[in-house]
Amino acid sequence: MPELPEVETMRRGIAGIAGRRIAGATFPRSRVRPISIEPGVATLARRLTGRTVAGVHRRGKRIVIELAPGAGDERRWLAFEPRMTGLMLVVDPPTVEHVRMVVEFAGRGSGRLTFWDRRGLGTIRLFDDAGLERACGPHKHGPDGLVVTGEDLAARLGDSRRAVKVALLDQRAVAGIGNIYAAEILFRAGIDPRSRCRRLKQPQWDRIAEQARRVLADAVRHEGSSIGDETYRTADNRVGRFQKRHRVYGREGEPCTACGTAIVRIVQTQRATFFCPACQRRP
DNA sequence: CGTTCAACCTGGGCGC
DNA sequence: TGCGCCCAGGTTGAAC
């Protein structure tokens with residue numbers, strides 16, 4: 001579920017762990033499902049214990065916790081990738097089931113951080129500097145969606161034969177956009193999701209980038225999109241509000257808020273795409 | 001190379 | 001009620 005706005009909201013919600021020392025880590029339901037944890041749980045717990053959190057970052061759709069250098073040991077990065085159903089929580093999780101990892105903090109007002117993941121597709125990995133770059137450096141991630149420019153998009157996608165909606169999901173082109181926001185961005189840019197990238201000109205890339213920055217920032221301001229039960233929640237387990245502002249996503253058959261035409265749902269590379277056939281045009 | 005597709009999972013909703 | 005099927009915010013690697 002979580003795309004850039006949801007992950008950024010989670011990041012802000014757990015940012016208070018900066019400066020805390022890790023007392024220990026447990027993995028209550030990690031082995032039930034093939035959630036990817038690297039290195040193994042025993043090694044990970046050992047390497048985390050005693051470390052201090054130096055910062056809480058986001059790379060695309062990942063939360064990356066920076067761990068200060070230990071005694072004779074280098075800086076490390078603990079990366080959580082929520083994929084479809086992962087949540088980072090500072091309060092009690094929705095169920096005790098599906099709790100993949102709990103990080104306990106030492107000292108007064110200690111608290112804990114819980115990674116809860118119903119479907120178990122998420123990943124938890126500990127990196128050194130080089131490992132982090134390999135996993136989510138510039139080779140894997142394009143510019144962040146909050147700051148992407150039309151020049152960035154044209155340079156990365158201008159020659160592609162792919163449909164523009166499919167291309168916006170490519171994290172190497174732009175980091176952080178997923179299925180909801182790709183649809184919402186293209187609606188606001190007035191561009192048909194089926195348009196081939198190579199047919200788009202600079203003004204269109206500029207419009208897409210401008211709406212990407214705006215929509216994603218708006219969604220962060222509204223703490224992301226929560227659709228249905230046991231889905232995305234903030235770190236203190238509240239629902240987001242941006243779903244109320246969706247113009248096309250999940251609105252098949254409902255009237256376009258701009259022109260009244262029924263919103264259409266199609267499938268592109270196995271994933272649903274929603275758009276207004278009247279407001280969104282091919283170049 | 002670009003692109004598609006199945007796979008990884010749980011669980012809600014729907015038709016029969 | 002129960003069963004089978006479809007669907008879901010993501011990513012990966014194998015197969016065209």
Side-chain angles (χ1 to χ4, degrees), chain A residues 1-11 29-38 58-63 79-88 93-100 115-125 134-136 139-142 145 156-186 194 196-198 215-216 219-220 222-234 239-246 248-253 265-274:
Chain A
M1 338 142 85
E3 307 180 28
L4 185 155
E6 290 77 29
V7 178
E8 175 61 18
T9 304
M10 291 184 214
R11 187 196 70 76
R29 291 290 195 278
S30 64
R31 252 178 288 176
V32 181
R33 302 293 162 214
I35 186 172
S36 165
I37 299 178
E38 296 171 16
R58 178 180 58 78
R59 292 254 187 139
K61 301 174 188 170
R62 279 189 182 89
I63 300 254
F80 293 88
E81 194 178 18
R83 301 265 176 115
M84 296 293 269
T85 48
L87 298 179
M88 307 276 348
T95 64
V96 289
E97 212 60 31
H98 309 133
V99 172
R100 311 301 181 175
F115 184 62
W116 184 90
D117 185 3
R118 192 182 66 188
R119 287 172 70 177
L121 301 174
T123 69
I124 303 168
R125 293 151 96 184
R134 237 176 288 126
C136 43
H139 184 68
K140 287 289 187 72
H141 279 169
R156 287 172 167 76
L157 300 174
D159 294 333
S160 171
R161 313 159 97 92
R162 284 180 289 181
V164 63
K165 188 268 185 167
V166 174
L168 287 178
L169 299 180
D170 183 347
Q171 302 300 298
R172 290 168 307 186
V174 47
I177 296 174
N179 214 34
I180 291 178
Y181 296 101
E184 296 298 320
I185 289 162
L186 289 173
R194 299 166 293 185
R196 301 286 144 187
C197 288
R198 61 195 324 184
V215 168
L216 295 170
V220 169
H222 290 90
E223 301 184 292
S225 302
S226 295
I227 300 167
D229 296 335
E230 292 205 354
T231 177
Y232 158 74
R233 295 290 187 275
T234 63
V239 296
R241 300 180 305 280
F242 195 73
Q243 67 280 3
K244 296 175 188 164
R245 292 179 136 76
H246 290 178
V248 288
Y249 185 85
R251 297 193 64 241
E252 182 185 17
R265 177 188 186 275
I266 61 172
V267 173
Q268 295 178 290
T269 61
Q270 316 287 102
R271 310 198 67 189
T273 298
F274 298 89

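Note on naming: letters A, B, ... go to the chains in the order of the sequence lines (proteins, then strands), and numbering restarts at 1 for each one.
- Contact annotation for A/Y249: backbone-only contact, meaning every heavy-atom pair under 4.0 Å involves sugar-phosphate atoms and none involves a base.
- Comparing C/dG9, C/dG10, C/dA8 against the side chain of A/T231 picks out C/dG9 as the nearest.
- We find that A/D170 and A/R162 are joined by a salt bridge, their nearest charged nitrogen and carboxylate oxygen being less than 4.0 Å apart.
- Whole-Å rounding puts the A/R62 CZ to C/dG9 C1' distance at 16 Å.
- A/R245 and A/H222 share a side-chain donor-acceptor pair at under 3.5 Å.
- Between C/dA8, C/dT12, B/dT3, one nucleotide has an atom nearer to the side chain of A/A272 than all others, and that is C/dA8.
- Ranked by how close their nearest DNA chain B nucleotide is to the 5' end, A/R83 and A/A163 are led by A/A163.
- Here the P atom of nucleotide B/dG13 and the CD atom of A/E252 are 18 Å apart, to the nearest Å.
- The nucleotide whose nearest atom lies closest to any side-chain atom of A/S225 is, among B/dT3, C/dG9, B/dC8, C/dG9.
- The distance from atom CZ of A/R271 to atom C1' of B/dT4 is 14 Å, rounded to the nearest whole Å.
- In this structure, of C/dG10, B/dG2, C/dT12, it is B/dG2 that holds the atom nearest to the side chain of A/R161.
- Within 4.0 Å of A/L169, counting heavy atoms only, lies no atom of the nucleic acid at all.
- Taking atom CZ of A/R118 as the reference point, atom C1' of C/dG10 lies 14 Å away to the nearest angstrom.
- One atom, CG of A/N179, and another, C1' of C/dG10, lie 10 Å apart when rounded to the nearest Å.
- The side chain of A/E3 sits closest to C/dG9 out of B/dT3, C/dG9, B/dG11.
- For the pair A/D170 CG and B/dT4 P, the interatomic distance rounds to 12 Å; values are reported in whole Å.
- By the 30° and 60° cut-offs, the orientation of the rings of A/F274 relative to A/Y249 is perpendicular.
- A/E6 comes within 4.0 angstrom of nothing in the nucleic acid, heavy atoms only.
- A/T273 and A/Q268 are linked by a side-chain donor-acceptor pair at a separation below 3.5 angstrom, with hydrogens and angles left out of the test.
- For the pair A/T269 and A/H98, nearest-nucleotide mapping onto DNA chain B gives the more 5' position to A/T269.
- Rounded to whole Å, the distance from CD on A/E38 to P on C/dT11 is 16 Å.
- At the heavy-atom level, A/T95 lies nowhere under 4.0 Å from the strands shown.
- For A/R119 and C/dA8, a side-chain-to-base donor-acceptor distance below 3.5 Å is present, hydrogens and geometry of angles not being considered.
- Residue contacts shown for A/T85 are absent, as no nucleic acid heavy atom lies under 4.0 Å away.
- With rounding to the nearest 0.5 angstrom, the CZ atom of A/R100 is 8.5 Å from the CZ atom of A/F115.
- Within the 4.0 Å cut-off from OP1 or OP2 of B/dT3, at least one side-chain nitrogen or oxygen of A/S160 is found.
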